[in-house]
2 protein chains.
Amino acid sequence: MSTAEETAGGETSAWGEVTPDAARRLLIAAVEAFAERGYHATTTRDIAGRAGMSPAALYIHYKTKEELLHRISRIGHEKALEILRTAARREGTAAERLADAVSSFVRWHAGGRTTARVVQYELDSLGPDAREEILALRRQCDAEVRGIIEDGIASGEFDVLDVKGTTLAVMSLCIDVARWFNVDGPWAPDEVGALDADLVLRMVGVK
Amino acid sequence: MSTAEETAGGETSAWGEVTPDAARRLLIAAVEAFAERGYHATTTRDIAGRAGMSPAALYIHYKTKEELLHRISRIGHEKALEILRTAARREGTAAERLADAVSSFVRWHAGGRTTARVVQYELDSLGPDAREEILALRRQCDAEVRGIIEDGIASGEFDVLDVKGTTLAVMSLCIDVARWFNVDGPWAPDEVGALDADLVLRMVGVK
DNA sequence: GGGGACTCTAAGCGCTCGCTCACCTTCGGC
DNA sequence: GCCGAAGGTGAGCGAGCGCTTAGAGTCCCC
């Protein structure tokens with residue numbers, strides 16, 4: 001049960017808010033199809049077929065194919081933001097919070113690679129308005145990470161030359177996991193999370 | 001340095017080997033179109049139009065639209081490999097060679113973002129045979145970076161826990177530049193290259 | 001048990017896609 | 001000055017696209 005299980009791993013919880021059931025099945029089918037082939041190469045017939053429905057059924061629940069991508073992007077970014085926000089606001093030193101943020105964010109990208117891939121790489125397929133809405137969420141994600149780094153500098157824990165650039169690099173490390181991570185590869189999401197957390201701490205001058 | 005210059009920056013040199021002139025113009029037009037809209041969202045009419053030709057002219061020089069992507073991917077990966085190989089084989093300490101590799105590789109991704117975007121993110125749009133050929137080049141790129149890191153460990157310069165994971169992280173940092181870099185943004189390619197080189201040296205435990 | 005809301009389907013519309021084909025130029029060699 | 005190759009065009013083919021529509025099945029409330 002590769003696909004269903006992978007999607008179930010940490011993602012169905014996020015799709016739980018999507019109702020009714022048929023709409024959720026279509027959305028999950030769309031995530032899988034977009035992740036595999038890309039938004040433009042995916043046909044509405046393919047999405048409906050994966051959900052076990054006729055092509056027309058899609059349009060009962062969604063106005064257009066783009067609305068599916070929009071919904072997926074928004075829910076995915078909200079989940080990403082929640083992950084980072086949780087890590088940023090917990091108790092602990094800046095180093096602990098940064099390591100927590102990176103490892104959980106990386107775990108999300110690795111374990112939910114299907115969703116993460118769509119969320120991170122299909123943004124440009126959205127129309128201008130939808131893209132701007134999603135970009136605002138993305139800036140909030142950046143801000144959470146930057147906040148932790150600034151805290152660490154203020155407390156003297158971190159030694160950082162360029163806050164904005166280092167923040168971008170941290171995000172790069174996390175997001176790029178969605179590009180290369182392979183479920184059948186040698187790593188478990190936990191391992192990549194721990195490894196990248198260690199590397200990020202080195203980047204900010206801890207140890 | 002708009003599109004023409006950006007393309008000229010480090011890329012037309014690479015396209016110089018493409019002849020005749022019309023074939024090169026089509027190829028450059030395809031790079032721009034693929035980078036802007038993605039492979040599947042780009043039409044052959046758009047490519048031909050950008051090159052100032054009729055839609056049919058494309059098929060005099062290329063058998064299919066996919067052949068264009070294949071050619072772009074191969075030439076781009078060969079250029080990337082050449083950049084990394086040059087840095088890996090120069091004189092100097094492992095730290096100097098790693099910093100050189102990262103900064104020049106990042107400069108290529110930032111300055112030639114148009115090409116790099118196609119090369120790094122449109123791989124899955126190729127057919128199985130072509131993809132496998134390109135993946136072989138990509139593995140060679142990884143190997144060059146891993147080689148430098150292993151040299152640094154052997155010489156005692158670097159302190160690295162996981163060679164394979166650290167190599168992947170270094171590549172992530174470089175490649176992801178193609179996703180976020182904006183020509184009109186606050187950074188010059190040189191600056192990003194220097195910043196990321198510094199961060200990578202921290203990751204391998206130098207300083 | 002009849003009516004309305006909701007869900008889904010079969011069929012297909014209009015359009016654009018990748019690609020082809022018949023034909024037209026341009027030009028160097030003799 | 002004629003000829004064949006090379007490089008180009010306008011028109012258009014078959015296919016598949018996103019999406020619509022007319023109508024059938026199902027369920028719940030009265």
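Throughout, a chain's letter reflects where its sequence line sits, starting with A, and its residues are numbered from 1.
- A donor-acceptor contact under 3.5 Å is not formed by the side chain of A/Arg45 with the base of D/dG16.
- The nearest whole Å value for the distance from the CG atom in B/Leu58 to the C1' atom in C/dC21 is 16 Å.
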Could you check A/Glu122 against A/His40 for side-chain hydrogen bond (donor to acceptor under 3.5 Å, both in side chains), going step by step and ending with a plain yes or no? CA-CA 9 Å; A/Glu122 296 293 346; A/His40 286 291; over 6 Å; no
After noting the C-alpha distance and the side-chain angles of A/Glu96 and A/Arg90, does the key distance pass the side chain to side chain contact (heavy atoms under 4.5 Å, CB included) rule? CA-CA 9 Å; A/Glu96 286 165 354; A/Arg90 55 161 266 197; 3.7 Å; yes
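- Note: A/Phe105 and A/His109 have perpendicular aromatic rings, judged against thresholds of 30 and 60 degrees for the angle between ring planes.
- For the pair A/Lys65 and A/Tyr59, the NZ or CZ position fails the cation-pi test of under 6.0 Å to the six-membered ring centre and within 45 degrees of the ring normal.
- Straight-line distance from the CZ atom of A/Arg37 to the C1' atom of D/dG16: 13 Å, rounded to whole Å.
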Under the criterion side-chain hydrogen bond (donor to acceptor under 3.5 Å, both in side chains), I'd like the reasoning laid out for A/Arg85 against A/Gln140: C-alpha separation, chi angles, the key distance, then a yes or no. CA-CA 9 Å; A/Arg85 198 163 267 170; A/Gln140 288 185 57; 3.0 Å; yes
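- Protein atom CG of B/Asp46 is 13 Å distant from nucleotide atom C1' of C/dT16, rounded to whole Å.
- Between the P atom of D/dG16 and the NE2 atom of A/His40 lies a distance of 20 Å, rounded to the nearest Å.
- Computed from coordinates, the A/Glu66 CD to D/dC17 P distance equals 19 Å when rounded to whole Å.
- Between A/Leu168 and B/Trp187, the closest side-chain pair of non-hydrogen atoms falls below 4.5 Å.
- Seen from the ring of B/Trp15, B/Lys79 does not count as a face-on cation partner, given the 6.0 Å and 45° thresholds.
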Let me have a per-nucleotide readout for nucleotides 5-11 of chain D, 5' to 3', with B, S or -, counting only protein heavy atoms under 4.0 Å. ---BBB-
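- The end-to-end axis angle of the helix from C/dG1-D/dC30 to C/dC30-D/dG1, rounded to 10 degrees and based on five pairs per end, is 0°.
- B/Tyr59 has no side-chain polar atom (N or O) that falls below the 4.0 Å cut-off from OP1 or OP2 of C/dT20.
- Between A/Leu26 atom CG and C/dT7 atom C1' there is a gap of 12 Å when expressed in whole angstrom units.
- Across every non-hydrogen atom of B/Leu68 and B/Ile47, the tightest pair is CD1-CD1, 4.1 Å.
- Between A/Tyr121 and B/Tyr121, the two ring planes are tilted [angle within 30° to 60°].
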